[in-house]
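Structure record follows, encoded as structure tokens.
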Amino acid sequence: MNVLIVESRAELGKIWKSHLERLGAQVWLVTSQDEAVSLLRTTIFDVLVLDLVLKNGSAMAIADFASYRQPGAKAIFVTNTSFFSDGSIFQHCSNACAFVQSETPPDDLAAMVEHYARHEPT
């Protein structure tokens, strides 16, 4: 499974990356929208893990671009804010499959990524 993590806090992204690599995933970690879009042009991903509030760019724009370029890729949004806490993220992003807090245990996040990477579209 190929996973793209877009997280402004590289230290947190590295923790998630190592947990996913233990599951056998190929993982790319970037910190900005530009880097993510560049990778989405050249690499096929099963799941994107997106920090909802990026320092450099927009997670929503990345998800939108991914839904166009790679309609099979699922997006897991991670946040430490209350944005979209009402669940409306699923109305705004057609590829959104989960919305979790940044403090979610890395093993739980990795299990969610693995689940959605293997989930067949309906």
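As the structure is a prediction and not an experimental result, all values here were calculated from the model.
Here the CG atom belonging to Leu50 is positioned 5.0 Å from the CZ atom belonging to Phe77, to the nearest 0.5 angstrom. Annotation: the span from Asn2 atom CG to Thr43 atom OG1 amounts to 7.5 Å, rounded to 0.5 Å. Note that CZ of Phe99 and OG1 of Thr79 are 5.5 Å apart. Values are rounded to the nearest 0.5 Å. Here the CG-CD distance, from Leu52 to Gln101, works out to 10.0 Å after rounding to the nearest 0.5 Å. The CG atom of Leu48 sits 10.5 Å away from the CG atom of Leu39 when rounded to the nearest 0.5 Å. Taking CD1 from Ile5 and CG from Leu12, the interatomic distance works out to 8.5 Å, rounded to the nearest 0.5 Å.
For the pair His19/Ile15, a side-chain contact is recorded, criterion being any heavy-atom separation below 4.5 Å from C-beta on. Taking the side chain as every heavy atom from C-beta outward, Val113 and Leu20 approach each other to under 4.5 Å. Contact annotation: the side chain of Val100 approaches that of Leu109 to within less than 4.5 Å [non-hydrogen atoms, C-beta and beyond]. Taking the side chain as every heavy atom from C-beta outward, Leu40 and Gln70 approach each other to under 4.5 Å. Taking the side chain as every heavy atom from C-beta outward, Lys17 and Val3 never approach each other to under 4.5 Å. Within the 4.5 Å cutoff, no side-chain heavy atoms of Met1 are placed close to those of Gln26. Trp16 places none of its side-chain heavy atoms less than 4.5 Å from the side chain of Val27. Using a 4.5 Å cut-off on side-chain heavy atoms (C-beta onward), Ile62 and Val6 make contact.
No donor-acceptor pair closer than 3.5 Å links the side chain of Ser67 to the backbone N or O of Asn95. No side-chain donor-acceptor contact under 3.5 Å links Asn56 to the backbone of Thr31.
Electrostatic pairing of Arg9 and Glu7 counts as a salt bridge here, judged by a charged N lying under 4.0 Å from a carboxylate O.
Of all non-hydrogen atoms in Cys97 and Tyr116, the two that sit nearest each other are O-OH, 3.2 Å. Residues Asp51 and Leu54 approach most closely at O-CG, 3.4 Å, considering heavy atoms. The two atoms that bring Gln33 and Ser58 nearest to each other are OE1-N, 2.7 Å, heavy atoms only.
Using modelled atom types and a 3.5 Å distance limit, the side chains of Glu21 and Ser18 yield no donor-acceptor pair.
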Evaluation steps, side-chain contact (heavy atoms from CB on, under 4.5 Å), between Asp46 and Lys74 = CA-CA 6 Å; Asp46 300 297; Lys74 301 293 184 187; over 6 Å; no
